[in-house]
Amino acid sequence: MERYEPHDIEAKWQRVWEEAGAFHVENPGYGARAERTFYMLEMLPYPSGVLHMGHVLNYTLGDVVTHFRRRNGYLVLRPMGYDSFGLPAENAAIREGGHPREIAEANIAAIRRQMRRLGWAIDWSREVAAHDPDYYRWTQWLFLKFLEEGLAYRKEAPVNWCPNDQTVLANEQVVDGRCNRCGAEVEAKNLEQWFFRITAYADALLNEYALVEYWPERSIAIQRNWIGRSEGVDVLFRIAELDVDVPVFTTRPDTLFGATFFVLAPEHELVERLAERSEHGDELREYVRRTAAQRGAERADVTREKTGVFTGHAATNPVNGEQIPIWVSDYVLMEYGTGAIMAVPAHDERDYEFAEQFGLPVRPVVAPADGAPPPEGAFVEHSDGERLLNSGDFSGMPAPEGAQAIVERLREQGRAAPAVRFRLRDWGFSRQRYWGCPIPVVYCDECGIVPVPEDELPVLLPDVDDYRPKGKPPLASNEEWVRVPCPRCGREARRETETMDTFVDSAWYFLRYCDPRNDSAPFDREIVDYWLPVDQYVGGVDHLTGHLMYARFFTKVLNDLGMVGFREPFARLFHQGWVQFDGAKMSKSRGNVIGPDDLVEQYGADAVRLYILFMGPADQDMEWTETGIEGIVRFLNRFWRVVLDAADGEPGVVAGPLARKAQETIAKATDDIGRRFVFNTPIAAIMELTNELSRRPDDPARRFAAETAVSLIQPYAPHLAEELWQRLGGERLWEQPWPEVDEALLARRTFELVVQVNGKLRDRLEVPVDLGEEELIARAKASPRVQAHLDGKEIRRAIVVPRKLVNLVVG
RNA sequence: GCCGAAGUGGCGGAACUGGCAGACGCGCCGGACUCAAAAUCCGGUGCCCGCGAGGGCGUGUGGGUUCGAGUCCCACCUUCGGCACCA
């Protein structure tokens with residue numbers, strides 16, 4: 001018998017698939033025929049280097065689903081692309097010389113080669129890359145739509161500034177006050193920035209989960225928490241000194257009578273005005289300066305002692321006319337609510353801590369239920385039976401009713417209004433970097449911000465001499481490019497020199513895949529409506545608050561613009577676990593990256609594919625070890641021999657124990673992949689079938705069992721499966737129907753009855769399936785092994801679980 | 001601090017709706033083949049007692065529900081992940 005030679009086989013079949021266009025799909029109107037479509041999407045790779053085992057897990061998993069769905073009669077769209085703008089290529093260019101484009105494209109070429117070598121069933125005709133002008137032309141086009149709709153705007157805002165990368169970071173790129181790419185401490189800086197008004201869609205992002213088919217609960221919970229919707233009221237406090245009413249947001253109007261001081265964020269516009277009229281003016285200004293400098297890391301540290309300065313002024317509490325002191329402290333955030341709070345130390349831990357620090361009064365206004373004494377510190381629990389106290393007319397009322405009544409009275413006076421606040425902030429997407437999509441606007445002294453006309457897109461990214469930002473964007477150094485006539489008035493104007501966050505590129509790539517060569521629009525609505533929503537999206541859980549939110553936001557906007565016919569882009573979501581090495585997530589910066597190349601070289605692609613999925617459940621983190629891959633190689637060799645040995649069996653014989661085992665395997669694999677979305681256990685099931693087949697070399701159904709095993713292993717080891725299928729006389733296994741369970745063959749005449757005495761296993765009996773309860777009990781009692789445990793004792797009860805077990809309860 | 005996930009042999013893991021704990025694989029032990037080794041094949045492998053038949057114990061800990069709990073409930077311990085002054 002010929003030996004199993006993975007390299008020869010894999011090269012052969014990859015050529016065959018390529019020539020047959022096996023995984024190419026056409027859009028409707030161009031030859032599409034299936035009624036059932038399935039859009040299988042995995043998050044596109046960031047080409048900062050070559051693929052590692054984490055990618056291999058991600059894409060192999062998607063590949064199994066692709067083959068499985070194809071063979072179950074779906075027309076499967078399974079495209080691939082590259083998130084090729086962004087810092088790694090730019091930083092590499094700075095570090096090692098060369099152009100970021102050359103670096104990105106070299107990486108793409110390497111990744112493409114790896115992907116082809118692993119035999120993934122990708123429709124290569126739909127490949128896109130974010131840095132390709134044919135792609136970013138439409139990124140720019142979409143930006144202009146958002147600008148037109150007032151969903152893209154500029155504002156000055158404090159930003160996270162990474163002094164090392166010389167760039168602005170999004171909140172999710174700051175981890176513990178440090179840059180998530182280079183680890184440098186993040187500083188505060190005020191800059192004019194571009195923002196997408198994602199907060200206008202906060203409620204839609206929150207409410208429309210109902211439209212998704214299946215997202216893990218935990219993923220929805222993380223996004224909910226990120227959006228952070230809270231309902232409350234805005235209450236006006238008067239500052240007589242300045243003759244202004246200052247709104248504060250509170251979710252606890254029942255505690256208004258407990259407000260003993262008032263706090264402004266250091267960035268609040270009133271602080272300077274108060275300072276002007278205060279004997280503490282210098283102290284206040286000094287405090288504002290200091291806190292501004294220590295935004296980011298230090299300010300985010302919750303455990304540090306609270307700081308603040310008294311302004312010397314007072315605000316009037318509208319519920320009781322009380323004058324309460326106004327303080328300035330950085331524990332109040334300008335970015336949330338109104339940047340001012342009423343402080344109720346008796347019922348808020350942060351306010352309590354501040355009051356302790358500065359010796360401010362604490363006045364309880366909510367009594368715990370059943371007269372229990374108030375706890376140490378702030379009383380923040382919510383439980384039934386709480387009543388108001390020290391609250392004027394409202395004292396004695398149950399807290400919820402009290403809150404309502406207080407709000408009602410303030411509303412009548414025009415001093416309160418219901419309000420909803422979100423933790424979610426607008427998405428700052430401009431970057432002072434070179435290697436990104438240029439923002440297609442021009443600044444004109446006369447006309448202001450002028451969009452570049454659509455027919456002049458794309459605004460091509462020009463070459464520059466130096467990619468280092470040095471405080472201003474690299475593009476600003478190319479004066480020839482920057483100077484441009486204003487599209488509106490023709491006078492000399494200047495181009496925008498900032499580029500877009502790469503999350504913009506990836507907020508719509510899944511739409512472009514559907515219609516990747518369209519040169520008159522980003523995509524055709526009919527075509528995207530045909531394929532989307534994505535039936536199965538697979539990617540890391542780390543993208544929940546970034547990419548996934550942005551992609552959902554884009555989709556909703558495009559829906560409102562009539563460009564797509566759906567509100568949610570991803571119907572089903574799955575997060576693969578991390579493949580770790582040395583106890584940490586693989587990443588280039590950690591230097592713990594294990595790639596597939598050596599393994600593929602040594603053992604072949606099929607072995608690597610099978611191994612990464614056999615290591616454990618795909619949604620759990622796994623520690624990379626190679627100790628088991630030999631076992632998989634052993635299995636594949638054995639599989640090869642056992643199947644070819646069985647080739648001489650009679651085709652079409654589908655009865656007997658081996659045939660039933662094959663049926664059970666079909667049922668298991670189909671359910672696991674199709675319904676449960678688990679990928680390790682089908683491999684175990686196929687191993688069992690293979691073991692059974694080798695143990696029964698003379699079984700009449702051996703040929704059927706072999707064919708079934710080959711067919712079932714095809715999504716995992718498509719090259720091996722195709723070769724064996726051919727040797728068994730078949731062709732084009734990749735388009736053969738997935739095996740179906742024959743229920744009649746699965747049916748059994750007998751089953752193994754488990755007999756327990758007092759819940760403990762005592763015997764197993766092979767009995768006919770059609771016995772009644774009485775008969776089952778009788779058989780159980782008759783067993784000698786059972787008798788030994790009955791010991792003449794009275795049987796008080798007998799539990800019968802049909803087709804499973806009998807449990808005899810003795811006294 | 002808050003939210004979430006998870007704890008099963010020497011190891012990765014299986015056991016889906018409460019019903020045979022440890023499938024499958026790694027590793028290890030023994031045997032066959034071989035001058036020998038590799039490869040391959042066969043058998044064994046949770047722990048304890050027993051020559052054996054067999055018995056007892058066993059899914060992080062302690063309780064509970066149930067004829068029956070890895071699975072359900074309560075309390076706790078540990079590990080990992082996310083958020084973190086959001087009023």
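Reminder, nothing fancy here: chain letters follow the sequence lines and each chain counts from 1.
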Rounded off to whole Å, could you give me the [atom1]-to-[atom2] distance for the [X] and [N] pair?
X         : N      : atom1 : atom2 : result
His347(A) : A87(B) : NE2   : C1'   : 14 Å
Leu424(A) : A84(B) : CG    : C1'   : 16 Å
Phe614(A) : A23(B) : CZ    : P     : 12 Å
Asp672(A) : A15(B) : CG    : C1'   : 12 Å
Asn758(A) : G56(B) : CG    : P     : 11 Å

Would you classify [X] as touching base, sugar-phosphate or nothing, given that sugar-phosphate means primed atoms plus P, OP1 and OP2, and contacts are heavy atoms under 4.0 Å?
X         : value
Ser230(A) : sugar-phosphate
Glu752(A) : base
Gln756(A) : base
Asp542(A) : nothing
Val809(A) : sugar-phosphate
Asn637(A) : nothing
Gly228(A) : nothing
Arg641(A) : sugar-phosphate
Arg762(A) : sugar-phosphate

Give a yes or no on whether the backbone of Pro715(A) and the side-chain of Arg609(A) come within a donor-acceptor separation of less than 3.5 Å.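 The answer is yes, because a donor-acceptor pair under 3.5 Å joins these two groups.
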Donor-acceptor check, side chain of Thr311(A) to backbone of Ile326(A), threshold 3.5 angstrom: yes or no?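 Indeed, once roles are kept as given, a pair shorter than 3.5 Å links the two residues.
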Contact pattern, 5' to 3', of nucleotides 1-9 of chain B - B, S or - by protein heavy atom under 4.0 Å: ---S-----
Is the phosphate of [N], meaning OP1 or OP2, less than 4.0 Å from a side-chain N or O of [X]?
X         : N      : value
Arg803(A) : G19(B) : no
Arg695(A) : C42(B) : no
Arg797(A) : G68(B) : no
Asn691(A) : G25(B) : yes
His789(A) : G55(B) : yes

Under a 3.5 Å threshold, yes or no: a donor from one side chain and an acceptor from the other, between Tyr716(A) and Asp606(A)?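 Short answer, no.
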Which of these passes ring pair (Phe, Tyr, Trp, His ring centres under 6.0 Å) with Trp427(A): Phe503(A), Tyr550(A), Phe195(A)?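 The ring pair (Phe, Tyr, Trp, His ring centres under 6.0 Å) with Trp427(A) is passed solely by Tyr550(A) among Phe503(A), Tyr550(A), Phe195(A).
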Side chain of [X]: nearest nucleotide among [options]?
X         : options                : answer
Thr627(A) : C67(B), C26(B), A23(B) : C26(B)
Val332(A) : G54(B), A87(B), C24(B) : A87(B)
Asp330(A) : G25(B), C16(B), C85(B) : C85(B)
Arg634(A) : G12(B), G54(B), C26(B) : C26(B)
Lys668(A) : A15(B), C85(B), G54(B) : A15(B)
Lys760(A) : A14(B), C24(B), C57(B) : C57(B)
Leu805(A) : A15(B), G19(B), A87(B) : G19(B)
Pro617(A) : A14(B), C67(B), C24(B) : A14(B)
Leu761(A) : G25(B), A21(B), G19(B) : A21(B)
Trp226(A) : C67(B), A14(B), C83(B) : C83(B)

With a distance cut-off below 6.0 Å to the six-membered ring centre and an angular limit of 45° from the axis, does Arg552(A) pair with Tyr209(A) as a cation-pi contact?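 The answer is yes; both the distance and angle limits are met.
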Cation-pi geometry met for Lys306(A) and Tyr331(A) (6.0 Å, 45°):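 Yes, cation above the ring, under 6.0 Å and within 45°.
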Inter-nucleotide [atom1] distance ([N], [M]), Å rounded:
N      : M      : atom1 : result
G55(B) : G62(B) : P     : 26 Å
G13(B) : U59(B) : C1'   : 13 Å
C11(B) : C48(B) : P     : 15 Å
A5(B)  : C85(B) : C1'   : 26 Å
A6(B)  : C73(B) : P     : 12 Å
G70(B) : C76(B) : P     : 23 Å
C80(B) : G43(B) : P     : 42 Å
G58(B) : G9(B)  : C1'   : 10 Å

Return whichever of Thr251(A) or Phe635(A) has its heavy-atom-nearest nucleotide of RNA chain B closer to the 5' end. Phe635(A)
Between Met615(A) and Gly339(A), which has a closest nucleotide on RNA chain B that is more 5'?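 Closest to the 5' end, via its nearest nucleotide, is Met615(A).
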Just checking Gln404(A): does its CD atom have more than 12 heavy atoms from other residues, nucleotides or ligands closer to it than 6.0 angstrom? no
Test log, rule salt bridge (Lys or Arg N to Asp or Glu O under 4.0 Å), inputs Glu692(A) and Arg696(A): CA-CA 6 Å; Glu692(A) 195 71 12; Arg696(A) 298 174 180 274; 3.0 Å; yes
Which base sits across from [N] as a Watson-Crick or G-U pair, both distances under 3.5 Å?
N      : answer
G54(B) : C49(B)
G7(B)  : C77(B)
C72(B) : G64(B)
G43(B) : C29(B)
A21(B) : none

Holding to side-chain contact (heavy atoms from CB on, under 4.5 Å), I want the full list of residues that pass it with Ala355(A), two or more places apart in sequence or in another chain.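 If we apply the side-chain contact (heavy atoms from CB on, under 4.5 Å) test to Ala355(A), skipping adjacent residues, the hits are Phe261(A), Pro345(A), Leu360(A), Val362(A).
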Apply the syn/anti split at 90° from 0 to G70(B) and say which one it is.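 G70(B): anti.
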For the side chain to side chain contact (heavy atoms under 4.5 Å, CB included) test, which of Leu613(A), Asp619(A), Thr60(A), Asp672(A) pairs with Phe679(A)?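 When Leu613(A), Asp619(A), Thr60(A), Asp672(A) are each tested with Phe679(A), the side chain to side chain contact (heavy atoms under 4.5 Å, CB included) holds only for Leu613(A).
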Could you tell me how the ring of Trp327(A) sits relative to the ring of Phe358(A): parallel (under 30°), tilted (30 to 60°) or perpendicular (over 60°)? tilted
What residues form a side-chain hydrogen bond (donor to acceptor under 3.5 Å, both in side chains) with Thr750(A), not counting sequence neighbours?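 Residues passing side-chain hydrogen bond (donor to acceptor under 3.5 Å, both in side chains) with Thr750(A): Glu766(A).
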